[in-house]
Each structure stands twice: as structure tokens, then as C-alpha cells.
Amino acid sequence: MKRYNPSEIEPKWQQTWTDTQLYKVTEDSSRPKYYMLTEFPYPSGDGLHAGHIREYTVGDVIARHKRMQGHNVLYPMGYDAFGLPTENYAIKHKIAPQVATATNVANFRRQFDQLGLSFDWSREVNTTDPDYYRWTQWLFLQFLKAGLAYQDEIAINWCPKEKTGLANEEVVNGKHERCGTPVEKKFLKQWLFRITDYADRLIDGLKTVDFPDKIANQQINWIGRSEGAEIDFAIKTQTEPTFYQFFEPGKIKPEHPFVERDGILAIVKHWNEDKYLGLRWKQVDWETFITGGIEAGQTPETAALAEIQQETGYINARLVKDLGRMHSQFFHVPKNQNRHGHFKMLYFELQDDKRVTVADEEQSIHEPVWLTRAEIADFKLPSSHRFMWEQLAGRPSDSVRVYTTRPDTLFGVTYLVLAPEHPLIERYIHQSSNAEEVSIYVKAAIGRAELERQEAKEKTGVELKGIKSVHPLTGEELPIWVADYVLAGYGTGAIMAVPAHDERDGEFAAQFDLPIIPVVEPVTGNPLPDEEYRRSIVALVRNPRTNEVLSINWGQQGGNIFIGGGIDEGEDVVETARREVLEETGYINLKLIGQSEKIHHHYIAHSKGGIKRGIDVWGVYFELENDDRDEQKLEADEEGKFTVEWLPSTKVEQLVNDELHKYVYEKFIGQKCYIGYGPLVNSGEFDGLQGDEAKAAIVSRLEQMGVGKTAKKYKLRDWVFSRQHYWGEPIPVIHCPKDGVVPVPDDQLPVTLPPVESYEPTDTGESPLAAMTDWVNVECPQCGGPAKRETDTMPNWAGSNWYYLRYMDPRNNQAFVGEKALDYWQHVDMYLGGMEHTTLHLLYSRFCHQFLYDQGLVPTPEPYAARRGQGIVLAADGRKMSKSIGNVINPSDIVAKYGADTMRLYILFMAPYDETTPWSDERLGGVNRFAYRVWTLVQQLAANTTQTGDPDGTFVTEVDRFVHKTLKKVHDDLHDMRFNTAIATMMELLNNLSTPAINTRIIEPRHADLATRTARTFVLMLAPFAPYIAEELWHELGSDDSVHTAAWPSYDPSLIKDDVVELAVQVNGKLRGTILAAVEASETEIVAAAKDNPNVAKFLTGTIAKTIVIPRRLVNFVVK
RNA sequence: GCGGAUGUGGUGAAAUGGUAGACACGCCAGUUUUAGGUACUGGUGUCGCAAGACGUGUAGGUUCGAUUCCUAUCAUCCGCACCA
């Protein structure tokens, strides 16, 4: 008998399978297709880890099973090789990333082959291969042409230490993962994809695919759809605009003297062209309009005319329009003075081109220039000058647009809040009376790391004083605040604050002492039909010395509640509360602290025979002044039913379960606001409406007025698609000063990465490609003029967006994938991968695919028909595997010691695929024993070659039955991806065939046919799990073809049915014995047999009230 | 805080309304060989001599019968998180 020696058979079969291209597929329309996909790896220097092995082994088992069942199986593999780890490696070791990638890929390939994975290597792809990324770039251009890719200046993650933009995945807990520096936000021009346009489709499409709930929910949650309304609040300015020039040239310098001087600002139009006079200042790099002081005896107009002549030489200007007055503070550069004063804003038109010579002295400070409208819009004018320009242009009246999911609380708005990044702040800050305070806050908030913003316990903010907003329905003026608890990136970046019904607004209002208007009456319990109406109170009494609250304990049924009772005729709320406390507990001296709003409570009074009640309740809050007590005055039905208890605050949450009483407690002690729905109050004509009805009514009123509409919002943001790194696909775009953004023509793709000296990101945060002037400077494909290439590259998700399509037709150089291949393969049938990609790759590639579907480029709306996420393989110590802890497993070591089959069997056997579970070397040894024992058994059976004599029919049936039952179970388990129980079932069969009772007989010559049959079936069943052992044994059993192209054995349904089954016999649900009964036995026979069982009989002492017979399972006697 | 999941022997786990703990690790005993590991056989939820009782995080409920369904609660894990 041959010894099982994996290190001998595994390389042998590996070679054979590779040589014969055993797993190569073509579009074979005679067989059903099956597309089995596992996520391709990032080829790092570390090689395969345990998670890879789990994923690829499971995919391999499914692929092999499908193949044996006659499917044409596509099970491909490739490499997602662009990205930072390789780039960092290149920087550190001065090795080209192309070279490092090739080395790593070779190592991965070696490990794949070791594991016996049945990939079709003729379809291998690599995202860094120019023949591949040519099509990644082509796809980018499809997005661009469809208007789904666009450029915008947005805040990205920025590492201030390394002066580089960062990918989201490089930011861990608000810090740069490489250097630990807290990440800031920085505005940079970025490429973005409009994934938000597909938000609804990405949610709705989930209904059409087979994804686990966990994954579907996580995606839905991530997209975060919410429905509400956008409402406009008009802006009203109250003060003269004041400009404190903090952000820009002219900033106050404290070391210089402060001088008050009034003056003028003037815009002067050209005599016949649409151009305006400006001054280019020579000492500093900025332009302004005409500006100057007012001397004694001058009017603003004469002063302005004098300035125009003095500074530009033009004489004949005519005053056309008075633009009002402003107040400004600035640093006057030529005089080295800080100045402040009132400025008159005037608009002149030149009558002709007559001018006088400008004095040299003036010329040395600034020179006159003509500015076009476009230039004015583009130049960084000081904000005061820009303001004047806008005044001239006719400023549209502004409003703040807010987004809310609770339009029903509109009447509870007491202020608005803008996110610090909100554009209206820059626009109005100069007209607010506390501009400096606001600007300091805004600057600090924007610069503050996101982490800090999240962790800040106290809310911060500042009022934009002098600027008011107007409530669209009441006309009331509301203050506008700037606070970083409002996020710029969500909704409109501005909110209407309803402190009475929103926790965050409530907290903010409490901190800054802002008014709170309740507009929703709380409702507890569920409304019931035919309720009896009552008015009552709940009294909360706190002892300030012990910090305990007074409760009454109704025992098991009622639990603890506070003091409650009905309001009598003519009694007020507080009187009632005092009376009830006295009657039920005897306490006399109570100090009134507070009274709640009206609460609507619905309940069933079980103590009063199940009466349904709808009550109006007022909570009343007292502090106990002293322990003086009278006798309790209980009603007859209360006597002895409850005890009075003082509860410490820690116990209240646990013991008080009644919804109403809980609410009253949280209202007074927890100071929580009511965020639920209920009838509106203080809301004018909308009083009494509630919930959706109230929302609809208010929104429709706003719509009539043209100041509001329903709106849907998503947490999902547009996808930032730029990276300032070398090792990625160049974005195939050319920037032309004349034609703007020009796509690289298809016939010039791919735009390949040029060789560079240094892969380091540059100081400016530009990609290192920006320094490659030969590469950057190109001709514009449209006008032929000088133009520049885009130097940003794509994120590493770009290549994986569509790789599953390329596998269908990987060598096509006419199209990203050919139509014939698409027609045949359609979409992925089963996609395995890590849970960590749920809201990244999996979402991105669905988006990409839906877009391609809309373009008519793919035949199906969704890329993946089914998805399964895998659980994490933890280290043996229960922690995550990590190189730094040193608890990782090395697959090559395990393969060397036990063989690949054992590795595969163990990783499948340890737990269900989606379960996170620790690695265990001991259990690995156990599975290795199974491999040995299978080997031994099959060799033993194979040795029984020649059938002589008559077999024992009963014995043969017994063995066949066991084999076929196992076969069915293994087949079903494979279908349900329950590999652990499939292997357990095969172990059971092995154990069974190894027992002396069966083993000694099956090796008899008269059972040679049975032995061969059993061995062959066992080997076929094992083939998807342990391909090497199965292949070797299959050949031992006399076959010349591969076991992996053999047909999967089907089970014989007649053999999996038993003639006789064991039934459990229960008495009152407790197991008392078992009986054997024929399958066809009648119920009467079964019951009789069950009664006969002596173990059962002794419990059948009383009357048998009921007998339950479940065929083939059990009998249960109910005895009284 | 929101969303999702999980909770069963010493351990990984099985059973999805019908004999709880399949299969495997570990442990105990034995057999063979041996210095030992390996291999093989048997045992192994807890208490109890036994009959039997108890037992699937905790407390209730539905049911003839609940690990499985319902309600509450606790714990752990994962994802998101000032999303208005």
C-alpha cells in the first residue's frame, strides 16, 4: 500500500493540470455557463494571507462542483496592482513599481498553484498592464462624456506634515496612517464621479440580486436616503456693511499705528467699451478699483474725481450712481498704517479718453489697468471692492436654503445654523457687526481636524450678528448662527434649528441661551379605538439630599411607576399632583420645580378590567423639602397592592418600564427633548395636524409661496476620483487654455505612465507626474495649440470597477469586452469577497455597471447575481492576525507540512464561510488525519479488485444507503455553501466504513463490486474539496482521465429512503424512549408500539388526553 | 445614538418547531509499537451509586413540544455616526 505523501503527489498533479490546461474555458454554448468570481488580490510583498485562502478555496470548491455537474465554469484570477503599498515600497527601496509588482505577482502565482486552485490562467488580468488600463481610461472617458465625471474644488483629506493629499483609505481614525499626523481638510480641484445620481438605483437594485441582508443593509445605510423638504429663509441685513480684511491683502498688522480716515471707492467705466478702471499695486500683488481719502472741503464726488485724475490721469468722468456707504478696516501698504473709516461707493462713466500725465510718485505705487468683467470676476479683489462691484451689478436678494426631515416642526424654528464652510458666510461676514469673531471661528473650525470636531463634547458656534433670516410663514426675524455641528457636506449645509424637538439643536440652544418653542405635543403608547378620555397627572418627586425619586411598586405585574392619578373637577394640575402624592405616599412638603407640556397617552388599564384609555397627562416635578409624612389615604382597590419605594437614579431605567412614566422622568431629570411625532401646537392654522399629514400641509403651503419643496437627500457623497500619486492610471484628459477639458482621443489610449526619477509626492500636493514636463506638455487634440496633461491619477478602485467584465474577454483589443462574450457570460453568478469592501469596491462597481447598462454596453442591470461575504480568520489567540503581533499563519509552511489538501479541508471545515473564527493548528492536525484515513480506506477498497461469490444483499444495501445519503447531504450542503457540514458528513461515512463490522466485510472478495463502487463515489465526492488526493486515488482506481472532468455522481432517491425508522417517544414533551417502526406503519401501530415500550409505559400513569404522532419523527403522549 | 449580527460542552461548532451537542479539537482509559510522538479502539454536557433531574446568556410568553417563533433585558462583535 502506498503511503500518503502530499509533497510527492501535489507537484506532480499541479504540473499535469497546468500542462493540459485542464480549466481553460471557451464560450461553449452547448453547456450551461457558470461565472464564479472571487475578488482579485492586491499583490503585496507579504503573499497570500488566511483570508485569501478561505475565499479562493471556497470559490474553487464551488467551481469544481459546478464543473463536475456539467457547467462551463469561468473561474478567473488576476491582480489589482495599482496603489500605495507598492508606491511606498518603490520610494523606500528605489525600485520601479512595475518591477516590484512583477516580483509579487510571481510569488502569488506560485502560492495559487500550490493550493490547487482551478483558475483559468489564460484569462489572467493585471490592472497595471497598459493593455488593461487602456480600457480603464476608456471607461473614464465614457463617464466624462456622459457628464458623470466632473471637476470641482472640494475639501479633501490633507496631511500637513507630508504636504500631500490623502486617499480616504489612508486616513485611520482621523490620522494619516503612515505618519500619525491629524488630517486636515484642504480645498483642491478634484475629479469626481456623480455616484449620487445613482443613489436610488443602487438601493432599488438590491431587491433584484441575492445579497445577504447584512450587505444590502450596510449599502442602504451607507447611501443613507432621507426624505424631507428644502425651505428658503430670506436674509435681511440690518447694519452698514463693514469689511475687516482678515483673509486677504490689507490685513490689519497690529504693530503699525491705527488711523481713522474716511474716503471713497469708485468704479470707473471705459468711455465706449465694457471695461473698468483698476489699479495694479506694485508693492503688493493685488488689484483694486479707484480708492482714496476725502480731504477737508471735498464732497465724496469731488474727492473721487480728484482721485481718478491723480491716479489714472482721466479727467472727464461723470457720476452715474451712488452705491451707498460701507465701513472698512485695512492695512494701507504705502503708508504702513492701519486704517479704518467710512467709504462712499460711487460709480462713474468716462466721457472720453482725455487724460493728463500721472505723477511719477503715483506711478511708483500703482499703475492703472483696464479690467474686463471676466477679469474682475477672476481676480482676488479685496472683499470691500468686490462688494462694491456686486452692488453695482445688482445683488440678488439672498436666502438661506435649509434641508429638514421635519417640516412639521417649522413653527418651532428659533434660529438658523450655517456650516462654517457655507458660502453665504463669506458673502455676509463683512456686513455683520462681529465679523472678526466670526472669521476667527470659521477659520478655526475649518482647520480643525474632523476627529476633534466629532469628539468635542460641547457644541461651539458664533452668531452672525446684524444678519437676520425671516421665517417664511410667520415673518419673524430669526438669528443666524455659524456652528460646526452642522456639516457642510450634507443637505444644504444649513439647518433650521428646532431646539424643542431635536437633541442637537436643544443642546446648542441650552448652551447659548436661545429660545425654545415646543410645537409637537408628545404621544406615548398607541392610540386605540373607543378610548375612554381622562385628564391626569404624573408626579415626579425627587429627594435632593439622597438623589432618589419616589415611586410605587405594584409588584410583579405592574413594576415600578411614579405617582399618578386623575384630575378632579375644578382642580388644577399641581393641586392634583400634591393631593395624589399625599394620598398614595403621605409626603406633605413638596417644592414645585416644573410642569410639563400636555402629553397624550394611550393605554389599556388592566387593573380596571382592560378599559382602553386615551388620556391627557401633565408631568409635575417636585423636590421633597423634608421627610414629614401623613397617613396614606388609599382607595379600597389600592389597599395592600403596592409599596412605596425611593429609587436611586441608577435603578430607575431598569425598574420603570412604563412608557409614559419613563418619558416624564427623562423629560425632567434627563432634560431630553421630544423628538417623536404628535399633534402640532403653536403652529397657527396647522395646529392639531400630525406626522406625515402635518408635513405635507406645511410643505404644500411653502410650495404655493415658492419658498419650499419636498427633497430627498443622501449621505452618500460624490466619489472623489483623483489621487496625487504616481502609481495609478493617468486620467486621460488634456487641459487646453482655449478648449478647456479635452478627452484624450480613443486612438491615443492608453496614456501610459512615463518613467520618473522620484515617486515621491511633491511639496505642492501635485502628482509626481506634474514634474515630467516632456510628458505634461502636449498639443491640444482639438486646436493643436499648447496644452497640458492632467497629472492626477485614478484611485485603486478604478481597475476593479470592471475587471469582472474583462475576464470574459481579456485579450480583446477592439473593445473593453466583446459582445459575443457578454452575450454568453452575462454577469457574475456568484461573487465572494470580504465584508470590508461592502461600501467601497462592491458599491463602486455596481455603480459603474449600472452606468454601463444605461449606455447599452452591458446586457444586465446588475453585475453580480449573488454575493457572499466571508468571515475573518482570526489568529489562534482570538486577535486579528497582524504582522506586528507576529500571529499570522504562513500558507506555504502549512502546505509544506501537511499538504494543500489538508489546508483546504481545514479552512472549509473550521466554521461556516461567513463566520469569523479563530485559526487552530490542533484542529488542522485533526483534518489531516481525515486525509490520511481516506487515503488508507480507498487504497484498501481499491485492492479488492475481483468479484467472486455472491454478495450479501442486505449488507450491500446498507452500505449503498449510507453512501447515497452522504452524497445527497454533501450535494445539498455544497449548494447551500455549508462546507463544514459537508466535510463532517464525509467524515461520518469514513468512520462508518472503518468500523470493524463494516470494514471486515467490505474487503471480502464477494463484495469487490461494492468496494470499488463505494471507493469511486467517495473519491468523486471528495474531489472539489481535496483535488490532489482525489486525483491520485482516482487514477489508483484505474482511471486515466482527470477526476475533475468526471461527472458528479447523482444519488439514487430510492436509496436514501429508509424502510425502518427510529421514532422518539415523549410523555408530556419529555423523551422517555425510542421505538423502531416501519415507514409504512399506521399511526395505530406506532402508538401501540410506543405504549409497549417499558420505559415509556411507566410514565403513562394517568389518562392520555392527547396523542401526537409526527410521521418518521416522534410520538408524544399528553398525560393528565 | 442608529443599523446589523451573535450568544449552545473545556474549544471550533451541529441541530431553524420534533431524540440538544452531529463532526472535529482537547481530555480520560485501553491496544499496538515504542524512549516519546504517531496509529487504532472505547469514553467524554452538569449533578447523581442509580432511578432520574437539570441544561442552549437572563426573565417572561405562544405551543402537546422551543436552541429555533414572540416580548423584554443583559453581554459581545461588526458597520455607520452631530447626516438635521
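The sequence lines fix the lettering, A, B, ..., with proteins before strands; numbering per chain opens at 1.
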Sugar-phosphate, base or nothing in reach of [X], heavy atoms under 4.0 Å:
| X | answer |
| --- | --- |
| A:K1070 | sugar-phosphate |
| A:R1112 | nothing |
| A:E503 | nothing |
| A:S920 | nothing |

P-based separation of B:U6 from B:A14 [nearest Å]: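 Those two atoms are separated by 12 Å.
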
Pairwise P distance, B:C70 and B:G4 [rounded to whole Å]: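 Nearest-Å result for B:G4 against B:C70 at atom P: 14 Å.
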
Donor-acceptor pair under 3.5 Å, A:K459 side chain vs B:C82 base: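 Such a pair is found, so the answer is yes.
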
Under 3.5 Å donor-acceptor pair, A:R923 side-chain atoms to B:U11 base atoms: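 When only heavy-atom distances are counted, A:R923 does reach the base of B:U11 through a donor-acceptor pair under 3.5 Å.
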
With 3.5 Å as the limit, what N/O pairs link the protein to nucleotides 47-52 of chain B?
residue	atom	partner	partner atom	Å
B:G52	OP1	A:K1098	NZ	3.0

Contact list for RNA chain B against residues 982-989 of chain A - heavy-atom distance below 4.0 Å: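 Of all residues in residues 982-989 of chain A, the ones placing a heavy atom under 4.0 Å from RNA chain B are A:A984, A:M987, A:E988.
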
Under 4.0 angstrom between A:K1106 side-chain N/O and B:C64 OP1 or OP2: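 So the side-chain polar atoms of A:K1106 do come within 4.0 Å of the phosphate oxygens OP1 or OP2 of B:C64, strictly under.
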
A:N980 side-chain N/O to B:A14 phosphate OP1/OP2 under 4.0 Å: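 Yes, within the criterion.
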
Where at least one partner belongs to residues 978-988 of chain A, residue pairs that pass salt bridge (charged side-chain N to carboxylate O under 4.0 Å, His left out), sequence neighbours excluded: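 Counting only pairs at least two positions apart or across chains, the salt bridge (charged side-chain N to carboxylate O under 4.0 Å, His left out) contacts touching residues 978-988 of chain A are A:D973-A:R978.
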
Length of the CH2-P vector between A:W919 and B:A13, whole Å: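 Taking CH2 of A:W919 and P of B:A13, I get 14 Å after rounding.
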
Nearest-angstrom distance from the residue atom OH of A:Y485 to C1' of B:A81: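 After rounding, the reported distance stands at 17 Å.
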
Test side chain to side chain contact (heavy atoms under 4.5 Å, CB included) applied to A:D972 - qualifying residues, sequence neighbours left out: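 A:K968.
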
Set of side chain to side chain contact (heavy atoms under 4.5 Å, CB included) partners for A:T1107, sequence neighbours left out: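 A:T1107 satisfies side chain to side chain contact (heavy atoms under 4.5 Å, CB included) with A:V1087, A:I1104, A:V1109, A:V1115, A:F1117 only.
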
Residue pair A:R406 / A:G676: nearest heavy atoms and the distance that separates them: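 Minimum heavy-atom contact is NH2-O, 3.2 Å.
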
Ring geometry between A:Y4 and A:W935 (parallel below 30°, tilted from 30 to 60°, perpendicular above 60°):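 A:W935 vs A:Y4 ring planes: tilted.
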
Runs of at least three Watson-Crick or G-U pairs with RNA chain B, cut-off 3.5 Å: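 Stem list for RNA chain B: B:1-7 with B:74-80, B:10-12 with B:23-25, B:26-31 with B:39-44, B:45-47 with B:52-54, B:57-61 with B:69-73.
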
